[in-house]
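Written out below as structure tokens is the structure these notes cover.
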Amino acid sequence: MKLKTAKRSNKWKKVLIWSCLSVIIVVIGLFVYLQSVTYSPSERAEAALNPDGQVSINKIKNGYRFEPEGTEIVEPNIIFYPGGLVEPASYAPFARKLAEEGHRVYIANMPLNLAMFGENKADSFIEEHPDETFVIGGHSLGGVFASRYAAEHTDTLEGVFYLASYADEGSLKETDLSALQITGTDDGVLNFERWEESKINLPQSTTYVSIKGGNHGQFGSYGEQKGDHAPAISEEQQLEEVVAGLEAWFNLINR
């Protein structure tokens, strides 16, 4: 009887060990796969991470902080969530450009580069300057989760901006938040049908900006994205139009 019990015990130990090993193998395989399909920053983006006396750049606990040097901060502060499977440094040109305009900009660093696992990363950024104003936004999947965060923190934010993104749940329609939607006419990745349907979740006063010739990937700086269309304008021109759209929107918020 004792021998049978010992055999059963050994059998279950082996099953448990193999089950644990299988889970570990799957997790490692998933991690390796995600790394292989993640978009890395371009040379231009890497260069934008270098301080130059105009912009101070610091790698902090939950991402990057870009600040203008030698001048007062222009509010609102900006929190940015990267697109899915895109490394945060890929948005360094975007953050630097806004910092040159006087804003403090935070780019969140997401677990596995997926905003769904770091929706509340904005908390730590807001805690740095709780008496100042903030807006939050993101690119593609990042914008979706920035919007979800905003819907749950309407009292700490002034607005939400979407770069080739939308509010999939958590209506902002009855809130006091301002909203900005920026899209590119040559975007081959954004689901425009879903984007159109999601307008029901946005305030009636939402500002819409369409960049002629802009595509999906050029909202960041990480090269060509799978499924995207070729842009009709340069990455620099698209960035300039994005920043111009944001600055005009900030003026509306600050009225």
Side-chain angles (χ1 to χ4, degrees), residues 49 55-68 73-92 94-99 101-182 198 201-203 206-207 219-220 242-243 245-247 249-250 253-254:
L49 286 172
V55 176
S56 169
I57 303 168
N58 291 286
K59 195 166 185 180
I60 55 179
K61 180 182 178 182
N62 287 312
Y64 293 92
R65 186 203 303 117
F66 291 69
E67 294 176 297
I73 298 294
V74 176
E75 295 186 43
N77 296 303
I78 301 160
I79 298 170
F80 186 81
Y81 284 6
L85 297 176
V86 181
E87 293 183 16
S90 302
Y91 299 92
F94 166 81
R96 172 179 282 278
K97 198 83 168 178
L98 286 166
E101 296 292 327
H103 302 282
R104 181 185 292 113
V105 185
Y106 296 93
I107 305 178
N109 181 19
M110 297 298 179
L112 300 178
N113 293 302
L114 292 169
M116 66 182 70
F117 299 126
E119 181 181 327
N120 293 319
K121 284 293 184 84
D123 287 346
S124 64
F125 305 145
I126 294 172
E127 286 170 3
E128 286 192 2
H129 301 280
D131 297 327
E132 297 181 7
T133 57
F134 284 82
V135 296
I136 191 171
H139 176 216
S140 197
L141 183 69
V144 169
F145 284 90
S147 183
R148 292 188 186 185
Y149 179 88
E152 296 176 0
H153 298 82
T154 57
D155 57 332
T156 57
L157 297 165
E158 296 295 317
V160 192
F161 64 94
Y162 305 81
L163 305 186
S165 187
Y166 49 81
D168 70 331
E169 60 180 63
S171 177
L172 304 177
K173 199 166 188 177
E174 303 302 323
T175 72
D176 293 328
L177 293 176
S178 180
L180 169 68
Q181 275 274 9
I182 304 182
S198 73
N201 293 323
L202 296 176
T206 298
T207 300
F219 282 108
V242 168
V243 171
L246 281 164
E247 288 295 345
W249 179 58
F250 295 153
I253 291 176
N254 290 331

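Along the sequence shown, residues carry numbers from 1.
Counting only distance, with no hydrogens or angles, the side chain of Tyr81 and the backbone of Glu119 share a donor-acceptor pair below 3.5 Å. With hydrogens and angles disregarded, no donor-acceptor distance shorter than 3.5 Å links the side chain of Glu101 to the backbone of Arg96. A donor-acceptor pair is defined here as one N or O able to donate and one able to accept, closer than 3.5 Å; such a pair exists between the side chain of His103 and the backbone of Val74. The backbone N or O of Tyr162 sits nowhere less than 3.5 Å from a side-chain atom of Ser165 that would complete a donor-acceptor pair.
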Using the side-chain contact (heavy atoms from CB on, under 4.5 Å) rule, take Asn201 and Tyr166 through it: C-alpha gap first, then chi angles, then the decisive distance, then the call.
CA-CA 9 Å; Asn201 293 323; Tyr166 49 81; over 6 Å; no
Steps toward side-chain contact (heavy atoms from CB on, under 4.5 Å) verdict (Phe250, Thr133):
CA-CA 11 Å; Phe250 295 153; Thr133 57; over 6 Å; no
Could you give me the CA-CA distance, side-chain angles and deciding distance for Glu132 and Arg104, then say whether salt bridge (Lys or Arg N to Asp or Glu O under 4.0 Å) is met?
CA-CA 11 Å; Glu132 297 181 7; Arg104 181 185 292 113; 2.8 Å; yes
Between Asn120 and His153, does the side-chain contact (heavy atoms from CB on, under 4.5 Å) criterion hold? Intermediate values first, please.
CA-CA 10 Å; Asn120 293 319; His153 298 82; 4.0 Å; yes
Might you work through the side-chain contact (heavy atoms from CB on, under 4.5 Å) test for Val135 and Trp249, ending with a clear yes or no?
CA-CA 11 Å; Val135 296; Trp249 179 58; 4.1 Å; yes
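Remark: Ile79 CD1 to Ile107 CD1 distance equals 12.0 Å, nearest 0.5 Å. With rounding to the nearest 0.5 Å, the separation of CZ in Arg65 from CG in Asn77 is 10.5 Å. Between atom CZ of residue Phe134 and atom CD of residue Glu128 there is a gap of 7.5 Å, rounded to the nearest 0.5 Å. The distance from atom CG of Asp155 to atom CG of Leu177, rounded to the nearest 0.5 Å, is 9.5 Å. Annotation: the span from Leu85 atom CG to Ser90 atom OG amounts to 11.5 Å, rounded to 0.5 Å. Rounded to the nearest 0.5 angstrom, Glu174 CD and Thr154 OG1 are separated by 12.0 Å.
The two residues Val242 and Phe219 come nearest to each other via the heavy atoms CG2-CE2, 3.6 Å. Of all the heavy atoms in Leu202 and Lys173, the pair that sits closest is O-CG, 3.6 Å. Closest non-hydrogen pair, Gly84 versus Leu141, comes out as N-CB, 3.7 Å. Ala146 and Gly138 make their closest contact through CB-N, 4.2 Å (heavy atoms, listed as atom of the first residue, atom of the second, distance). In terms of heavy-atom proximity, Tyr149 sits nearest to Asp123 at OH-OD1, 2.5 Å. Among all heavy-atom pairs drawn from Asn254 and Pro76, the shortest one is ND2-CD, 4.2 Å.
The aromatic rings of Tyr91 and His139 sit perpendicular to each other, their planes meeting at more than 60°, with 30° as the lower class boundary.
Phe125 pairs with exactly one of Val105, Ile136, Ile60 by the side-chain contact (heavy atoms from CB on, under 4.5 Å) rule, that one being Ile60.
Looking at heavy atoms from C-beta onward, Phe94 lies in side-chain contact with Leu163 at the 4.5 angstrom threshold. Side-chain contact between Phe117 and Met110 is absent, with no heavy-atom pair separated by less than 4.5 Å. Looking at Lys61 and Asn109, their side chains never come closer than 4.5 Å, going by heavy atoms from C-beta outward. Taking 4.5 Å as the limit, some side-chain heavy atom of Thr206 sits within range of a side-chain heavy atom of Pro203. The shortest distance between side-chain heavy atoms of Pro88 and Asn113 falls below 4.5 Å.
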